[in-house]
There are 2 protein chains.
Amino acid sequence: MLKKPITIHDIAEMAKVSPATVSRVLSNSDYPVSKGLQERVRRIAEEVNYIPNMLGKQLKKNESTTIGVIIPSIVNPFYSFVIFGIEEVARANHHTVIICNSLQDPELEEEYIRTIMEQQVKGLIISSISEDRTLLRNCIDLGLNVVAIDQALEEENVCQVKFDHRKGGYIGAKHLIEQGHRQIAYLTSKLDRPSRKNIYRGYVDAMQEAKLEPILAESDEQRSDADTYDFDTGRKLVRKILTSGEQPTAIFACNDMMAFGVINELSSQGINVPDDISVVGFDGIDFGMMLHPPLTTVKQPDYDMGKLAGKLLFDKLKGEDAPFYDVVLQPSLIERRSVRNLTAINTLECAR
Amino acid sequence: MLKKPITIHDIAEMAKVSPATVSRVLSNSDYPVSKGLQERVRRIAEEVNYIPNMLGKQLKKNESTTIGVIIPSIVNPFYSFVIFGIEEVARANHHTVIICNSLQDPELEEEYIRTIMEQQVKGLIISSISEDRTLLRNCIDLGLNVVAIDQALEEENVCQVKFDHRKGGYIGAKHLIEQGHRQIAYLTSKLDRPSRKNIYRGYVDAMQEAKLEPILAESDEQRSDADTYDFDTGRKLVRKILTSGEQPTAIFACNDMMAFGVINELSSQGINVPDDISVVGFDGIDFGMMLHPPLTTVKQPDYDMGKLAGKLLFDKLKGEDAPFYDVVLQPSLIERRSVRNLTAINTLECAR
DNA sequence: TTGTACGCGTTATCAG
DNA sequence: CTGATAACGCGTACAA
């Protein structure tokens with residue numbers, strides 16, 4: 001029923017050479033093998049459709065051709081793009097990618113790290129949620145190469161691909177200020193993660209610089225696994241801010257999902273975006289451009305982050321002991337149409 | 001610098017037993033080992049933080065603890081959810097998941113199949129784009145277990161988790177008809193894949209049943225890798241249909257992305273959805289609910305598809321030779337607010 | 001240039 | 001119950 005897989009021994013027999021010779025030819029070793037045998041072995045391998053067993057090879061050489069990626073959830077478009085970038089450079093380096101959804105659960109994260117170590121994986125890209133670094137530290141000492149993305153991970157021998165959240169927050173708020181806004185509210189889910197805090201800090205930076213009073217609306221709910229969580233939070237926070245007596249002319253949301261919720265709630269209440277209230281998001285996921293109006297947002301380069309993280313990791317794996325360095329990706333503003341310019345002469349314009 | 005990994009031999013030495021005993025204890029073999037040794041071995045393994053080398057185990061047992069998943073692109077939210085479901089059941093079965101983005105390229109698909117075979121992977125879930133089944137056939141004969149999703153794959157020994165696209169097309173069109181629409185246009189990207197053709201057939205079924213004339217607008221462009229491709233196509237096809245002289249009161253798009261494009265273009269032209277023209281999508285991705293108006297659409301159960309495919313695969317892997325069977329997932333309508341009811345008395349209503 | 005023999009870490013078989 | 005030994009498929013000293 002099941003065909004038995006063909007090994008180098010089988011081929012050796014057919015080609016009337018030793019398994020060693022077959023190995024040398026088929027693994028492209030630089031060990032000298034005569035032209036004639038080379039061709040004979042290759043031809044036969046081709047004929048019998050030889051599929052090498054990487055397990056044997058890897059066991060012998062203590063290598064691995066797969067890398068691990070641990071992220072909160074693949075269902076989040078941001079991480080989808082990160083992975084997409086990683087997978088691309090992995091393939092270019094003849095490696096496969098194991099995906100691990102930590103679901104923000106430190107225990108799951110640990111389980112995954114353990115698993116990939118058992119698989120003898122030598123490279124890991126991780127957006128770590130855990131506080132406890134002992135296991136990871138241990139694995140690094142055992143030869144695991146680690147690149148941290150998104151979440152900071154200060155640890156010896158760990159490269160980081162970071163993103164300047166604070167500057168991102170600054171840029172978003174600054175844009176609104178430049179467009180003439182003075183009452184600018186910042187809506188955010190719980191400020192419990194450093195990245196979130198930093199965006200907020202950037203917003204405050206810009207406000208203080210312009211001598212404006214920050215208006216903060218923070219969700220008090222803990223995380224939830226619903227993928228529409230941020231959307232719902234956006235709606236709630238809008239209701240909260242509008243009934244609080246504040247009269248913002250602009251709202252800055254801590255991520256795009258939440259901005260979608262903001263726009264949705266405003267529209268539902270008959271408030272026009274951007275004519276009545278302007279909205280700026282954070283992330284730059286593609287769906288923002290499909291909204292009406294298209295969302296102005298601060299772009300966090302997801303795909304590039306993946307590619308860079310992959311590049312850093314493979315540099316380490318290749319042992320090119322170029323000095324380890326961190327990368328700090330810079331934010332940029334994607335200007336679409338959810339922000340109204342209040343400074344222009346056309347204050348009366350109510351076009352539609 | 002690098003600590004040397006600890007093997008069962010090291011533990012055997014420390015516990016003054018044979019490696020065989022250590023193996024029997026640590027791999028939870030049902031082979032009898034005295035209680036005393038059991039504990040001694042376990043304690044030491046714990047102490048030295050033993051991490052088993054799965055490569056050795058797998059090589060010996062000709063097993064694998066990883067499965068492969070080949071899909072067009074992880075960046076597509078539909079497939080993100082499929083993978084999410086797969087990964088969940090894989091983890092429950094102590095397996096890891098290798099992700100492969102075929103990018104709709106048959107050659108890439110083949111490369112990936114070859115790669116996972118080299119890794120001795122025994123299970124594959126695939127949304128195949130290739131016409132040529134010879135390689136896959138070969139791998140199955142070599143012991144690969146295959147479950148096909150999304151795209152049909154008629155081949156001996158391959159389970160399929162399908163989706164009734166035709167019924168989905170029928171349901172979507174039927175809904176519009178029931179709401180009193182008569183001029184219903186169907187907008188689709190190139191009808192080159194069976195799934196696309198089937199949705200269209202379902203639409204035609206419903207139209208003919210109601211003695212209505214189908215109105216088809218098909219994109220003639222070939223696939224593109226831009227992830228906003230369908231969105232742009234939706235916009236283009238709307239312009240095409242509106243300038244063609246047709247006056248549809250409703251538009252049925254072959255997927256949600258395209259429906260987003262449709263709504264966007266209509267809004268841009270000052271045409272109100274659903275008051276002037278109703279829109280129905282296909283897929284049921286979450287972003288549809290964030291639009292204004294929220295998109296009425298035909299739900300294709302992505303997450304469930306992933307879980308089911310995973311379940312089927314592990315049933316096969318466990319050799320529970322329950323008879324192989326295909327699963328055909330049924331569509332359902334998610335009624336939101338992008339469709340106007342034309343039958344009601346409130347024909348005059350122009351509410352907003 | 002080619003072949004022989006051993007080891008990577010694990011488990012299965014067989015003898016004690 | 002326990003231990004020695006031979007594999008799994010491959011790469012590589014070492015010998016020829």
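Keep in mind that this is a model prediction, so the values were computed, not measured. Below, read A as the first sequence line, B as the second, and so on, with proteins coming before strands; counting in each chain starts at 1. Any value given below was found using the heavy atoms of this structure, including those in side chains, with hydrogens, waters and symmetry copies removed.
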I'd like a table of atom pairs between the protein and nucleotides 14-16 of chain C - only N or O on both sides, under 3.5 Å - with the distance next to each one.
unit_1, atom_1, unit_2, atom_2, d
C:dC14, N4, B:Tyr31, OH, 3.0

On DNA chain D, compare the nucleotides closest to A:Lys4 and A:Ala20; which residue's is nearer the 5' end? A:Lys4
So, using side-chain contact (heavy atoms from CB on, under 4.5 Å) as the criterion, who are the partners of A:Glu13 when residues are at least two apart? none
Let me confirm one number: the CG-CG distance from A:Asn101 to A:Leu108, rounded to the nearest 0.5 Å. 9.0 Å
Can you give me the first and the last nucleotide of DNA chain D (5' to 3') that has an atom within less than 4.0 angstrom of a non-hydrogen atom in chain B? D:dC1 to D:dG9
Sequence neighbours excluded - salt bridge (charged side-chain N to carboxylate O under 4.0 Å, His left out) pairs with any residue from residues 153-163 of chain A: A:Arg137-A:Glu155, A:Glu154-A:Lys162
Interatomic spacing from CE in B:Met54 to OG1 in B:Thr96 - rounded to 0.5 Å: 10.0 Å
At how many degrees, to 10°, do the end axes of the helix from C:dT1-D:dA16 to C:dG16-D:dC1 meet when each uses five pairs? 50°
Contacts to DNA chain C from residues 113-121 of chain A, heavy-atom cutoff under 4.0 Å, which residues? none
So, B:Asp10 side chain and B:Thr7 main chain: donor-acceptor pair closer than 3.5 Å or not? yes
Contacts of B:Phe163 that satisfy ring pair (Phe, Tyr, Trp, His ring centres under 6.0 Å) - sequence neighbours left out: B:His165
Under 4.0 Å, heavy atoms only, any strand: does A:Thr21 hit a base, just the sugar-phosphate, or nothing? sugar-phosphate
Please determine whether a side-chain nitrogen of the Lys or Arg among A:Glu46 and A:Arg42 lies less than 4.0 Å from a carboxylate oxygen of the Asp or Glu. no
N/O donor to acceptor pairs below 3.5 angstrom from side-chain atoms of residues 302-309 of chain A, sequence neighbours left out:
unit_1, atom_1, unit_2, atom_2, d
A:Tyr303, OH, A:Glu88, OE1, 3.0
A:Tyr303, OH, A:Glu88, OE2, 2.9
A:Lys307, NZ, A:Glu88, OE2, 3.3

Note: A:Gln160 and A:Ala152 closest approach over all heavy atoms is OE1-CA, 3.2 Å
Less than 3.5 Å apart, any donor N or O on the side chain of A:Lys318 or A:Asn93 sitting next to an acceptor on the other? yes
What is the distance from CG of B:Leu26 to P of C:dG9, rounded to the nearest Å? 15 Å
Donor-acceptor pair between A:Gln38 and A:Arg43 side chains, under 3.5 angstrom: no
For residues 27-35 of chain B, which side-chain N or O atoms pair as donor and acceptor with protein atoms under 3.5 Å away, sequence neighbours left out?
unit_1, atom_1, unit_2, atom_2, d
B:Ser27, OG, B:Ser23, O, 2.5
B:Ser29, OG, B:Tyr31, N, 2.9
B:Ser34, OG, B:Leu37, N, 3.4

Ordered by number, residues from residues 47-55 of chain A within less than 4.0 Å of DNA chain D (heavy atoms) are A:Tyr50, A:Pro52, A:Asn53
Does a side chain donor of either B:Tyr79 or B:Asp150 reach within less than 3.5 Å of an acceptor in the other side chain? yes
State whether the side chain of A:Ser127 and the backbone N or O of A:Ile71 hold a donor-acceptor pair below 3.5 Å, judged by distance alone. no
Distance-only, no hydrogens or angles: does the B:Thr21 side chain make a donor-acceptor pair with backbone N or O of B:Val17 under 3.5 Å? no
For B:Gln38 and for A:Ser27, locate the closest nucleotide of DNA chain D by heavy-atom distance; then report the residue assigned to the nucleotide nearer the 5' terminus. B:Gln38
Determine which pairs satisfy side-chain hydrogen bond (donor to acceptor under 3.5 Å, both in side chains) with at least one residue from residues 52-74 of chain B, sequence neighbours left out, and list them in order. A:Gln119-B:Thr65, B:Gln58-B:Thr65, B:Asn62-B:Lys122
So, with a heavy-atom separation below 4.0 Å from DNA chain C, the residues of residues 56-63 of chain B are B:Gly56, B:Lys57, B:Lys60, B:Lys61
Do we see a donor-acceptor contact under 3.5 Å between the side chains of B:Ser130 and B:Asp132? no
For B:Glu107, does the CD atom sit with more than 12 other heavy atoms under 6.0 Å from it, leaving out its own atoms? no
